[in-house]
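To start, the structure under review is shown below, and the notes come after it.
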Amino acid sequence: MIRVYNTLSKSKEPLAPVSPGKVGIYLCGPTVYKPSHIGHMVGPVIFDAVKRYLVYSGYETTLVINVTDVDDKLIAESNARGMPMADLAAEMTADYMNNLDALGVDSVDHFPRATDFMDAIVDLTATLVDKGFAYESDGDVYFEIGKCADYGKLSGRSIEDMRGLGGGTAERKRSSADFALWKAAKPGEPSWKSPWGAGRPGWHIECSAMSGRLLGETFDIHGGGLDLVFPHHENEIAQSESAHGRPMAKYWMHNGLMQASSEVGKVGGRKTRAATEGDLESQEAAKISKSKGSSAFREMLDMFPGETIRFFLLSTHYRRPIDFSNERIEQVGTGLETFYRFFKRYDRVTGESFYALPVAATRAEGDFDPAGDSLLVDVAKHRDAFLEAMDDDFNTGGATAALFDLVRRLNKFVDEKKLEETAKDHAAALDSLRRGAATLRELGSTLGLFRRPIDEKGNADDELVDGLMRLMIDLRAAARKNKDFATADQIRDRLGELGVTLEDRPGGTEWSRA
RNA sequence: GGCGCCGUAGCCAAGCGGCUAAGGCAGCGGAUUGCAAAUCCGCCAUCCCCGGUUCAAAUCCGGGCGGCGCCUCCA
């Protein structure tokens, strides 16, 4: 039984899809006017894992992430850069897609773009006007919050709380809290035809329109960052539910926001803030956000492998805010290496590739009977712990602990059975190891991890280096054979200074680059 | 001011009423190794403070203190 924390009820609820066996997920994606930063990757990585886990759990799952490619900020940026809005959007969308790809986010079924759904947006707006929830004013169309009885149910705000100044359009609105569904085009702005004249959609309407088209009037899970609860999601609910007369989504899942830690020093953070005694500038820099500016995600990919960043994002529970720093990513990267080392060890012992192990597509398929095999009894136990954590509101942090327990058990098994030295004599043990390793790969894959070999620095991509290393290792082996340890150690130490690590194993010496 | 979140070892972090409080990073012992590396074993926390509820609280309630988010563009 999978349980999901629902922002709407502020509690965990058993997952009971609208249509049994099927789950529809809509995640609010980016407005593509600038290169994406790490904050944009949090939701996609989490929901990619959520989808994998749901599929693994037997649900036919559809994941939709929208791309908002028309908006005030896009217009401003395209003017500033002197290029058409559509070109800017295309460029930034490509950047976004490349970033997702590097993180292994490839389970997304649809990336609908707002400009491809203009008809749906206009239709929905017209429906709201027809039903009396919205009104036209000087070519703009506004949603009238006062007509929506339960407005504020998601964020816990009352309409009274909402009465602000109303922005620059106050004089055209009936109430300052009303929000725009459609904005009349000013000269030179990109626009689309509508019953109210040429214009473009307001910020929230595209999500209501696209989710309705792709997932239905009531779908299962709507996700997004915590910062979208108000006003974005609140307004989506108002639009969709007023138009359709039924709930928009059963479960609202919100992920915690990425925050910059002072260690990075680039965008400030908590400690910086303390140090500067509440200085306004550093205070505002604590949260990474589009408008505050932070380095492009693309640059981070030059520093860390995508899988390491993914593991970092999944190392804590998705609802928790997560502090970002290079140091922390390095730490989880160090942890990840434990797995990679085991994979190589597995290859050595079995002569087969870990990455070639079959992965059970579903939970039921992955179930197995330990049949009294002491290794497999433990493997099953850790598998259960993993599933239990994931069932509980996708607790990826707890789940990764089970993964670490599992590799340790597998390593211990290889040690105890001395499989590195005498694998050939232990056919039965190898079978157990295979079964256990397959479980590790299966579980990892539900998080989108361990799916394909990582890129190793150095090795094999340079014939000369490879040949030189073989030479050094052979010379050192000869020295060791002659008990000339001074020479052997000198070779190893000097290579160490160059960032090359040598490891002597039963089957020979292996080298790797830091 | 309004709404909300968080405070668990040196650092990160799971646990959210009841087993010896997961796991990772770092550190310290030990096994292994010619010495290392890797691996394995062991050690390293009474859960911000004060009250309360309960047979029983890190977990619930109240009050402090501290950190943060939203209320304006944001994933």
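As the structure is a prediction and not an experimental result, all values here were calculated from the model.
Rounded to whole Å, the separation between the P atoms of B:rG2 and B:rU20 comes to 43 Å. As rounded to the nearest Å, B:rA58 and B:rC73 have C1' atoms that lie 39 Å from one another. The separation of B:rC16 from B:rC35, taken at their C1' atoms, amounts to 49 Å, rounded to a whole angstrom. With C1' as the reference atom, B:rC71 and B:rG17 are 35 Å apart, rounded to whole Å. Comparing the C1' positions of B:rG42 and B:rU59 gives a spacing of 29 Å, expressed to the nearest Å. Across B:rA57 and B:rC70, the matching C1' atoms stand 31 Å from one another, rounded to whole Å. Taking atom C1' on both nucleotides, B:rA14 is separated from B:rG69 by 23 Å, rounded to a whole Å.
Across all strands shown, nothing is found opposite B:rC35 as a Watson-Crick or G-U wobble partner with both distances under 3.5 Å. The base-pairing partner of B:rA45, taking Watson-Crick or G-U wobble contacts with both distances under 3.5 Å, does not exist among the strands shown. When both pairing distances are held under 3.5 Å, B:rC40 makes a Watson-Crick or G-U pair with B:rG30. Base pairing of B:rC5 is made with B:rG67, judged by Watson-Crick or G-U wobble geometry with both donor-acceptor distances under 3.5 Å. Nucleotide B:rG17 is matched to nothing when pairs are restricted to Watson-Crick or G-U wobble geometry with both distances under 3.5 angstrom.
Note on A:E503 versus A:R492: no salt bridge recorded, every NZ/NE/NH1/NH2 to OD/OE distance being 4.0 Å or above. Under the 4.0 Å criterion applied to side-chain N and carboxylate O atoms, A:R476 and A:D489 are not assigned as salt-bridge partners. By the 4.0 Å N-to-carboxylate-O rule, A:K183 lies too far from A:E189 to be salt-bridged with it.
In the set B:rG15, B:rC73, B:rC25, B:rC73 carries the atom at the smallest distance from any side-chain atom of A:K73. In the set B:rA37, B:rU39, B:rU8, B:rU8 carries the atom at the smallest distance from any side-chain atom of A:R320. Relative to the side chain of A:R492, the nucleotides B:rG24, B:rG34, B:rC71 differ in distance, and B:rG34 lies closest. Residue A:A401 places its side chain closer to B:rA22 than to any other of B:rU39, B:rA22, B:rC35. Comparing B:rA38, B:rA22, B:rC35 against the side chain of A:R341 picks out B:rA38 as the nearest. Closest contact between the side chain of A:Q259 and the listed nucleotides B:rA13, B:rC71, B:rC68 involves B:rC68. When distances run from any side-chain atom of A:K10 to the nucleotides B:rG34, B:rG4, B:rA38, the shortest one goes to B:rG4. Side-chain atoms of A:R476 lie closest to B:rG34 of the nucleotides B:rU39, B:rG34, B:rG24. Set against B:rC35, B:rG24, B:rC70, the side chain of A:D489 has B:rC35 as its closest nucleotide. The side chain of A:A488 approaches B:rG34 more closely than any other nucleotide in the set B:rA22, B:rA38, B:rG34.
Relative to the ring axis of A:Y5, A:K12 does not place its NZ or CZ within 45° and under 6.0 Å from the centre.
Closest-nucleotide positions on RNA chain B for A:H317 and A:D71 were compared, and the one nearer the 5' end corresponds to A:H317. For the pair A:F311 and A:N255, nearest-nucleotide mapping onto RNA chain B gives the more 5' position to A:F311.
You can call A:F485 stacked on the base of B:rG34; the centres are under 5.5 Å apart and the planes sit within 30°.
A:F312 has its CZ atom 16 Å from the P atom of B:rC25, to the nearest Å. In this structure, A:F413 places its CZ atom 15 Å from C1' of B:rU39, rounding to the nearest Å. Spacing between atom CG of A:D391 and atom P of B:rG15 amounts to 13 Å, rounded to whole angstrom units. Distance A:N235 CG to B:rC71 P: 12 Å, rounded to the nearest Å.
If you check every strand for non-hydrogen atoms under 4.0 Å, A:G43 touches nothing. Counting any heavy atom pair closer than 4.0 Å across all strands shown, A:R345 reaches sugar-phosphate atoms only and no base atom. Within 4.0 Å of A:L502, counting heavy atoms only, lies at least one base atom of the nucleic acid. Contacts of A:T338 with the nucleic acid, taken as non-hydrogen atoms under 4.0 Å apart, involve only primed sugar atoms and P, OP1 or OP2.
Between B:rA14 and A:T400, no contact under 4.0 Å exists linking OP1 or OP2 to a side-chain N or O. Residue A:R408 has a polar side-chain atom (N or O) positioned under 4.0 Å from OP1 or OP2 of B:rG24.
For A:R328 against B:rC11, no side-chain N or O and base N or O form a donor-acceptor pair under 3.5 Å. Under 3.5 Å, the side chain of A:N395 and the base of B:rG15 form no donor-acceptor pair of N or O atoms. Under 3.5 Å, the side chain of A:D493 and the base of B:rC35 form no donor-acceptor pair of N or O atoms.
Here the side chain of A:T396 pairs a donor or acceptor atom with the backbone of A:T316 at under 3.5 angstrom.
In this structure, the salt bridge (Lys or Arg N to Asp or Glu O under 4.0 Å) partners of A:R345, at least two apart in sequence or on a different chain, are A:D415, A:E420.
Annotation: side chain of A:V64 is not in contact with side chain of A:I25 (no heavy-atom distance under 4.5 Å).
A side chain to side chain contact (heavy atoms under 4.5 Å, CB included) with A:R319 holds for exactly one of A:I46, A:D393, A:T7; it is A:D393.
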